[in-house]
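Values below: every heavy atom of this structure, side chains too, minus hydrogens, waters and symmetry copies. Count residues from 1 along the sequence.
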Amino acid sequence: METYDFIVIGAGSAGCVLANRLSATGRYSVLVLEAGGSDLTPSIHLPIAYGKCFFDARFNWKYQSEPEPTLDGRRIYVPRGKVVGGSSSINGMVHVRGHPCDFDDWETAGAKGWAWADVEPGFRRLEDWSGSREFRSGGRDPRGRGGPLPVQDVSDDVHPLCKRFLEAAHQVGFPYNADYNGDDMEGACIYQLTTRRGLRVSAAGGYLRPALRRTRGNLRLILRAHATRILFEGRRARQVTLKGRGGDRCATAGREIVLSAGALNSPQLLQLSGIGPSPLLEDHGIRVLADRPAVGANLQDHLSVDLHYRVNVETLNEVLGTWFGRARAALRYMATRSGPLSLSDNQGGGFVRTRCGLAAPNIQLYFAPASYTAPTPGRRPLLSPDPFPGILIGFSPCRPTSFGEIGIRSADPVEPPSIRLNLLATTADKREAVEGIHLMRRLAGTDALRPIVEEEVVPGRQVEDDADCLEFARAAASSVFHPCGSCRMGRSARDSVVDPRLRVHGFDGLRVVDASVFPNITSGNINAAVIMTGERASDLILEDNDDGGRR
């Protein structure tokens, strides 16, 4: 294959940003390798249909964790995007920047230059916010306008029950926040979505496809190209081997190889290439280039716990669960590009504190005007809701303290990695799970929701004290699908994988740019922070290669 200045492995949330920004100057040639196929399919772009991609092997790696001792030995499903746009093409589209203290903690952990003051301009650069203008920060609008990624205020289009949820939150002491991505994250809210005119806009739609449409002769995308190993000349990354429709091939990078395969596949590829924990690599016959125990360690994710309620008013169950309801919603969508088909299932939520003395919200709330207590195996639950009116009230601890790990199973690059999430492993995480369950019940018992709630279906009133609540969490909790941290950023190779410029410690011409570099998990859905990381990384890469385009 030809030689390119930059090879980007993975056309996901960060990879699409890199493809656009690195090729925009016209000085550098950029090759993007994507293991999956095209995202040009209706089930990706129709927002509510994202459930169809949830177990679809055409778009999804469909990973599972190892049996999790902290979750009663259950395997946890871990969907990851295997398609142009990566997980931004199959996620719930909720846009959350994170709390400023998350990023200040990044800098404290060794990621110099990644504090909130450093990353906030990147968030504004990526956004095209449709909501009202706020000028509380010294006369400056905190939101981005005109960026590549549309962020929609859908508060006028959500289900009427969301209003009851917001009233319930206010009654337990959580005020309404019209823009949790503005100057203050705290409070109850309606979630903002990365959609435009009723259609999903992924990182591919916002960044990659506009660059390809501009017919940049210096940008090439190859689909179904599974990167299998990075090859080195001394300590410089030089080539990528890959499996594709044309057989095994090799691509050469004149300047840098940028690994953007995600928090699960990036550490896997580094390990396959000889960078990782020596005992693991030696067990699988891989020549060790660098003993790096942090490669695959420090994996974090958000835990999810839902409480299910039967109610006495109409919910989305009657819309999504019947042919008549779906037909009516489809007609509305075709006429106005609005209604339930233009939204995600978790429409309401918020970021709140369960106790005094905390510096920032510790719990993220979710409210869905639908319920699914017995989902069909292998099928996304929202496509098969309960046959009765129901709602879900759920939560995630914002900043869990449990860590898992990623490791190769063999030297075969096609074999899925071993994933150990290790959720609910610490005393602090167990405490917040119990507090979260009690908080959900307080919300359900408010004057706003109590008149419509007929029954707590899950877990039910047999679960009462703290011990019972913890056992319920262990038996029923899952992931919210926000894995990160497995190639964390830091000062040294002893406890991190990349430096603050995202260069792999001890190697030249090799960076990692995706959620795996997060020093700590951020509060809330992480896709916006991943895209911001791609924006900031593009600046760093261009700065480090600013020699007039000469190799």
Side-chain angles (χ1 to χ4, degrees), residues 9-10 12-15 35 61 63-66 68 76 78-82 86-87 102 105-106 109-111 114 227 230 258-281 284 286 290-303 399-409 413 415-423 425 479-500 502-507 510-522 526-527 529-530 533-534 537:
I9 302 175
S13 295
W61 289 99
Y63 290 142
Q64 284 197 352
S65 77
E66 300 298 319
E68 298 284 350
I76 303 302
V78 188
R80 293 285 86 198
K82 186 183 181 182
S87 293
D102 297 337
D105 286 349
W106 282 17
W114 291 82
I230 298 168
V258 187
L259 187 47
S260 296
L264 306 185
N265 296 114
S266 284
Q268 178 191 26
L269 187 54
L270 286 177
Q271 292 172 4
L272 289 168
S273 304
I275 304 173
S278 289
L280 176 67
L281 305 190
H284 297 301
I286 295 174
D291 179 20
R292 296 287 189 265
V295 175
N298 305 298
L299 177 68
Q300 285 194 287
D301 198 355
H302 286 129
L303 182 86
R399 291 283 300 272
T401 57
S402 300
F403 292 88
E405 62 182 1
I406 301 289
I408 55 174
R409 298 177 185 272
E415 187 168 1
S418 171
I419 304 167
R420 302 180 188 277
L421 298 174
N422 205 33
L423 301 170
S479 161
V480 197
F481 323 124
H482 300 157
C484 61
S486 51
C487 294
R488 71 185 300 270
M489 193 185 338
R491 298 183 183 91
S492 75
R494 291 191 303 274
D495 59 1
S496 65
V497 178
V498 298
D499 67 16
L502 305 181
R503 301 170 297 201
V504 175
H505 290 300
F507 292 87
L510 181 61
R511 301 192 203 226
V512 182
V513 181
D514 54 33
S516 68
V517 305
F518 288 15
N520 300 298
I521 197 167
T522 55
I526 68 171
N527 191 61
V530 178
T533 300

Q. Are the side chain of Arg488 and the backbone of Asp495 linked by a donor-acceptor contact shorter than 3.5 Å?
A. yes
Q: To the nearest 0.5 angstrom, please state how far the CG atom of Leu264 sits from the CG atom of Leu299.
A: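 Output value for this atom pair is 6.5 Å.
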Q: Let me see the working for Ile230 and Ile275 under side chain to side chain contact (heavy atoms under 4.5 Å, CB included), right down to the final yes or no.
A: CA-CA 10 Å; Ile230 298 168; Ile275 304 173; over 6 Å; no
Q. Which side-chain hydrogen bond (donor to acceptor under 3.5 Å, both in side chains) pairs, counting each pair once, include a residue from residues 259-279, with sequence neighbours left out?
A.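 side-chain hydrogen bond (donor to acceptor under 3.5 Å, both in side chains) check on residues 259-279 returns Tyr63-Asn265, Asn265-Gln268, Ser266-Asp514, Ser278-Asp291.
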Q | Mutual orientation of the aromatic rings belonging to His482 and His302 [parallel < 30°, tilted 30-60°, perpendicular > 60°] | A |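 Geometry flag for His302 against His482: perpendicular rings.
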Among residues at least two apart in sequence or on other chains, which ones pass side-chain hydrogen bond (donor to acceptor under 3.5 Å, both in side chains) with [X]?
| X | answer |
| --- | --- |
| Arg491 | none |
| Arg420 | none |
| Asp301 | Ser479 |
| Ser486 | none |

(Q) Taking ring pair (Phe, Tyr, Trp, His ring centres under 6.0 Å) as the definition, give me every residue that meets it alongside Trp114, ordered by chain and number, with sequence neighbours left out. (A) none
Q: Please determine which of Thr533, Val295, Leu270 meets the side-chain contact (heavy atoms from CB on, under 4.5 Å) test together with Val512.
A: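 Of the listed residues Thr533, Val295, Leu270, the side-chain contact (heavy atoms from CB on, under 4.5 Å) partner of Val512 is Leu270.
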Q. Does a side-chain heavy-atom distance below 4.5 Å link Leu423 with Ser402?
A.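 They are not in contact (no side-chain heavy atoms under 4.5 Å apart), so the answer is no.
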**Q.** Steps toward side chain to side chain contact (heavy atoms under 4.5 Å, CB included) verdict (Leu502, Met489)
**A.** CA-CA 7 Å; Leu502 305 181; Met489 193 185 338; 3.8 Å; yes
